[in-house]
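Single-structure report; data block below.
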Amino acid sequence: MPLKLYNTLTRHKESFEPLEPGKVRMYCCGVTVYDYCHLGHARSYIVWDTVRRYLQWRGYDVRYVQNFTDIDDKILNRARQEGSTMQEVAERYTQSYFEDMARLNILEADAYPRATHTLDGIKRLIHELEQKGYAYPAEGDVYYTVRNFPEYGRLSGRRLEDMKAGASGRVEADPEAQKKQDPSDFALWKAAKPGEPAWESPWGEGRPGWHIECSAMVREAFRTPDGTLADTIDIHVGGADLVFPHHENEIAQSEAVTGKPLAQYWLHNGMVNVGGEKMSKSLGNFTTIRQLLDAPDAPDPMALRLFVLQAQYRKPIDFTEEAIASAKNSWETLQDGLLFGYQYGKQLGWTDTDDSSFGNPEYMRIPSESEAIQRFQESMDDDFNTPGAIAILFELAKALQKEGNLLIHQGEASTDAQTIREQWQTLVCLAQVLGLEAKPSAELQQADSPTDAEIEDMIQQRQEARKAKNFAESDRIRDELKAKGIILVDQPGGITTWHRS
RNA sequence: GGCGGCAUGGCCAAGUGGUAAGGCAGGGGACUGCAAAUCCCUUACCCCCAGUUCGAAUCUGGGUGCCGCCUCCA
């Protein structure tokens, strides 16, 4: 069964065939570093991180590259506001990006090209476009001649004529409009105004337009071993709001020069909505990742990850209190399953629970033909159907939950230890493919935690109170132990068992 | 106005021709002094209308509603 993915370019699910067998070249459009990332960013990068992990799990050697846009009007404005520099602002939010993503268990890319480090490549590309007749200078700016690229609009499924109506009105207010030969043309290079950061170029001091950096970065980041610039990569991803004009323009820039497709597959993630509306900076309805995760009663970052992956990546998701609350509870269930081995492994007679490799998926050998894994792969192969994949995780987690409960309450499981072990390891391995991981908390033995003997003693006292039908006293003892993390379970026959919560 | 997408139980969400996965939240029962925990059971004809078919949530046409893009945007 092949992996299928929905290609925005064709608007169909297609079988995935990398250019080079076994290898995947994947580029993700990153952030403009002028503010903290919000939940929209979180979704996008969780989704693409998951896609990357899955491709790797499928055996592909993936090169994953994601850029930082560190030259931009918005960064500049921010710097002006706070009397800082573009570089300083960009650096700060680049760092905050890494911090936020690490919390969400998003793996680092293989390379993080930045606009400020790509100036040579950008200028070379603009020069080539100029030579081939796709670009023209105008008063220090350089624009792309959209009319000369017949394929323009193919990715976003629109024609130039159709866009005119909506674009008028706005375009006329745009000061750049005077310099453009056509309203659809877009800037490749912008002349610097006095006091703005600027780079030398054949067209005068200035800075690159937004779209050109990605075209230049893809060429350089995926060079062949002999140093030849890359023409085509396998997968290009980003938010659905980048389809037009950003990705459309990237295609126009790159393909006009190379004559080859920029990417074989274009994948786009759906938006995060708030009250049915897109979460965005301009609407002001955004919540930053750190706001959510640092709030009192904040969800575990994995709960946020779960919230995102519980919807298929192309569909919009609504960010609500209720949804997060639900995700928190869901994560509890999954987390208990992931920690099962740490909690019950010894009791089941597993001999390796103290090994340093215990719980590490890399050391787990699970039967790849198992039903759970087959179904997991089937779901994920269908355009990364993470909700379907997560359902399998829950089935495993619930089965383990049941066994754990039986172990606590009856002292033995209903299945043999080896089968349970396989279930647990399967769960841990598959969850890791989705980036969902639970780490055993380092035995936070509270200082006031009573010893086993003390607990037994108190249970004995409570037993006597119960015999005397002094239930107020027996309940008091039970509550006292509960406050110390000891849960009592009264069994039929007057036996009381206990465990630490 | 143009282009595209979505509409499944209280909430979220899979399923794309054979009579509805999963999560969250509920309900009932067993057990219990009570509770907790545990165990068992349980909740949908898939927006509307018409059509194709032996059979449609699933295909076709029409309608309604919501959303995204067309301006910076993940």
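Naming: A, B, ... by sequence-line order, numbering from 1 per chain. These numbers come from the heavy atoms of this one structure, side chains and all, not from hydrogens, waters or symmetry mates. These figures come from a predicted structure and were not determined experimentally.
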Would you call [X]-[Y] a salt bridge at under 4.0 Å N-O?
| X | Y | answer |
| --- | --- | --- |
| A/R147 | A/D182 | yes |
| A/R207 | A/D73 | yes |
| A/R290 | A/E99 | yes |
| A/E473 | A/R476 | yes |
| A/D381 | A/R58 | yes |

Q.
Can you tell me if A/Y45 is stacked onto the base of B/A74, using a 5.5 Å centroid cut-off and an angle below 30°?
A.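 No; centroid distance or tilt outside limits.
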Between B/C59 and B/G17, how far apart are the two C1' atoms, rounded to whole Å?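 One C1' to the other, the span is 8 Å.
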Measuring only the C1' atom in each nucleotide, how far is B/A44 from B/C3? A whole number of Å is fine. 35 Å
It should be established whether [X] places a side-chain nitrogen or oxygen under 4.0 Å from OP1 or OP2 of nucleotide [N].
| X | N | answer |
| --- | --- | --- |
| A/K398 | B/C24 | yes |
| A/N273 | B/C67 | no |
| A/K402 | B/C40 | yes |
| A/K278 | B/C69 | yes |
| A/H409 | B/U38 | no |

Please work out if [X] contacts a base, only the sugar-phosphate, or nothing of the nucleic acid, heavy-atom cut-off 4.0 Å.
| X | value |
| --- | --- |
| A/D479 | nothing |
| A/D241 | base |
| A/L242 | sugar-phosphate |
| A/N385 | sugar-phosphate |
| A/H268 | nothing |

Assess whether atom CD of A/Q87 is packed by more than 12 heavy atoms of other residues, nucleotides or ligands within 6.0 Å.
no
Give a yes or no on whether a donor-acceptor pair under 3.5 Å exists between the nucleobase atoms of [N], that is its base, and the side chain of [X].
| X | N | result |
| --- | --- | --- |
| A/D490 | B/A37 | no |
| A/R478 | B/A35 | yes |
| A/D475 | B/G33 | yes |

With sequence neighbours left out, the residues meeting side-chain contact (heavy atoms from CB on, under 4.5 Å) with A/N273 are A/M271, A/K278, A/P316, A/D318
**Message:** Both A/K74 and A/A391 contact RNA chain B. Which one's nearest nucleotide lies toward the 5' end?
**Reply:**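 Its nearest nucleotide being more 5', the pick is A/A391.
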Distances for protein N or O near nucleotides 11-13 of chain B N or O, under 3.5 Å:
none

Short side-chain donor-acceptor distance under 3.5 Å, A/E277 and A/N285:
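No donor-acceptor contact under 3.5 Å links the two side chains.
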Side chains of A/T69 and A/E213: is there a donor and an acceptor less than 3.5 Å apart?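 Yes, A/E213 and A/T69 have a side-chain donor paired with an acceptor closer than 3.5 Å.
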**Message:** Is any side-chain heavy atom of A/T50 closer than 4.5 Å to one of A/W48?
**Reply:** no
A correct dot-bracket answer for RNA chain B, with pairs being Watson-Crick or G-U at under 3.5 Å, [ ] for crossing pairs and | for inter-strand pairs, is ((((((((.[[[..)..(...]]].(((((.......)))))....[[[[[..)....]]]]])))))))....
